[in-house]
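Throughout, numbering of the chain's residues begins at 1 and tracks the sequence.
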Amino acid sequence: MPLLELHDVVAGYGAVPTLDGLTLAIDAGTVVALVGRNGAGKTTLLRAAAGILRPRRGRVMVDGHDLATLPVRAAARLVSGVPQDDAVEAPFRVREVVALGRLAHLSAWRRPSPADDAAVADALAATDLVALADRRVHALSGGERRRVAVARCLAQGAPLLLLDEPTAHLDLGQEARLLDVVRRLARERGRAVVAALHDVNLAAAFADRVVLLDAGRVVADGPPRDVLTAPRLSALFGLALRVVADPERGVPIVVPGATT
């Protein structure tokens, strides 16, 4: 049974829905990149999968549970996410913000356990934040704040991770390390990861599957080398594009050309 299933989902904010009858299934242990133009439905899909946006039609299932029927705390034990804008302006320390990811596992009368402390420590280490653990979050750079948001998501320990532009504000080294952490979580701990990415080449290098969206529908879904073809991407983005294979890994590399 897939970990995440969207069945004929119609969802959006205005009169015209952003997602138009979208169906998608994602297995545990899989990293999926959502790729498409601005407004294609990537963020809306993530919000629907997180239970933040209730579909007008269709169902969202996580680990066999209809997300719409779950209490908030139960849903948070299944799904964690990092939105595009994840600003923390209060003067909390990094360690305190990351520890907020454990709230789904706590009750009003239970203090954090050694397991909770270990989850926070693991998340700090995985995102290279140990040295910044006692710094105030509002004093950090944009890239450092982004890593704090991802660390909080990792500490939550949910089997489904939803990441909206997780590498925004990160330099190349931070991008590579962060995505390597997410890939290892999927493979070693059986998490399903769904990430919206604007960088097509990053999606090709990072994901097991690429889901190409256009006008709220899935127009292609499969391994990067099958989905990210020059004719398909040229038509979608309105550019003359070339796609070549990475000589070491064989993953596609997309090279932009002249505007068509």
Side-chain angles (χ1 to χ4, degrees), residues 2-27 30-63 65-70 75 78-86 153 160-168 192-204 206-239 241 243 252 254 256 259-260:
L3 183 61
L4 171 65
E5 299 173 87
L6 291 89
H7 298 280
D8 193 27
V9 170
V10 174
Y13 307 94
V16 178
T18 307
L19 300 183
D20 185 16
L22 186 141
T23 295
L24 185 66
I26 296 172
D27 294 333
T30 306
V31 178
V32 176
L34 306 178
V35 173
R37 296 178 296 179
N38 290 342
K42 300 185 297 294
T43 295
T44 303
L45 190 160
L46 292 177
R47 291 175 65 85
I52 298 170
L53 179 64
R54 182 74 58 95
R56 301 178 189 179
R57 190 186 78 209
R59 292 189 303 161
V60 178
M61 308 289 292
V62 180
D63 200 22
H65 302 278
D66 187 334
L67 205 56
T69 67
L70 292 179
L78 292 175
V79 184
S80 62
V82 175
Q84 283 188 21
D85 300 311
D86 195 72
C153 178
L160 175 61
L161 278 68
L162 306 174
L163 309 175
D164 202 350
E165 294 298 332
T167 59
V193 179
V194 187
L197 296 170
H198 277 105
D199 188 328
V200 177
N201 289 318
L202 199 60
F206 162 64
D208 303 309
R209 281 170 59 190
V210 172
V211 174
L212 198 62
L213 299 175
D214 189 30
R217 290 180 176 271
V218 176
V219 295
D221 178 6
R225 62 172 54 89
D226 295 340
V227 172
L228 301 177
T229 65
R232 181 178 287 132
L233 294 176
S234 296
L236 182 66
F237 291 105
L239 291 171
L241 297 169
V243 177
V254 182
T259 304
T260 58

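Side-chain atoms of Asp208 come within 3.5 Å of backbone atoms of Val31 as a donor-acceptor pair (strictly under, hydrogens ignored). Side chain of Thr23 to main chain of Asp8: a donor-acceptor pair is present (N/O by atom type, distance under 3.5 Å, no hydrogens or angles). A donor-acceptor pair is defined here as one N or O able to donate and one able to accept, closer than 3.5 Å; such a pair exists between the side chain of Lys42 and the backbone of Gly36.
A salt bridge links Asp214 with Arg37: the distance from a Lys NZ or Arg NE/NH1/NH2 to an Asp or Glu carboxylate oxygen falls below 4.0 Å.
Heavy atoms of other residues, nucleotides or ligands lying less than 6.0 angstrom from CZ of Arg54 number 12 at most.
Residue Thr43 holds its OG1 atom at 11.0 Å from CG of Leu53, rounded to the nearest 0.5 Å. Note that the CG atom of Leu22 and the CG atom of Leu24 stand 6.0 Å from one another [nearest 0.5 Å]. A distance of 7.0 Å separates CG in Leu212 from CG in Leu228, rounded to the nearest 0.5 Å. Rounding to the nearest 0.5 angstrom, the gap separating the CG atom in Leu19 from the OG1 atom in Thr44 is 5.5 Å. Between atom CZ of residue Arg59 and atom CG of residue Leu6 there is a gap of 11.0 Å, rounded to the nearest 0.5 Å. Note that the CG atom of Leu241 and the CZ atom of Arg232 stand 13.0 Å from one another [nearest 0.5 Å].
Partners of Ala75 under the side-chain contact (heavy atoms from CB on, under 4.5 Å) rule, at least two apart in sequence or in another chain, are Leu67, Leu70.
When all heavy atoms are compared, the tightest approach of Val32 to Thr30 is CG2-CG2, 3.7 Å. Taking all atoms of both residues into account, the shortest heavy-atom contact from Leu163 to Leu46 is O-CD1, 3.6 Å. For Val82 against Cys153, the heavy-atom pair with the smallest separation is CG2-CB, 3.6 Å. Here the shortest heavy-atom pairing between Gly39 and Thr18 reads O-CG2, 4.2 Å. Across Ala33 and Ala203, no two heavy atoms sit closer than the pair CB-CB, 3.7 Å.
Looking only at side-chain heavy atoms (C-beta outward), Val60 and Leu4 come within less than 4.5 Å of each other. With a 4.5 Å cut-off on side-chain heavy atoms, Ile26 and Arg209 count as touching. Pro252 has its side chain within reach of Val243: a pair of non-hydrogen atoms, C-beta onward, lies under 4.5 Å apart. Under the 4.5 Å side-chain criterion, counting only non-hydrogen atoms from C-beta, Asn38 is in contact with His198. Side-chain contact between Leu197 and Pro166: present, with at least one pair of heavy atoms (C-beta onward) separated by less than 4.5 Å.
With Leu213 as the partner, the side chain to side chain contact (heavy atoms under 4.5 Å, CB included) test is satisfied by one option alone out of Leu236, Val218, Val219, Asp221: Val218.
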Side chain to side chain contact (heavy atoms under 4.5 Å, CB included) assessment of Leu78 paired with Leu160: CA-CA 6 Å; Leu78 292 175; Leu160 175 61; over 6 Å; no

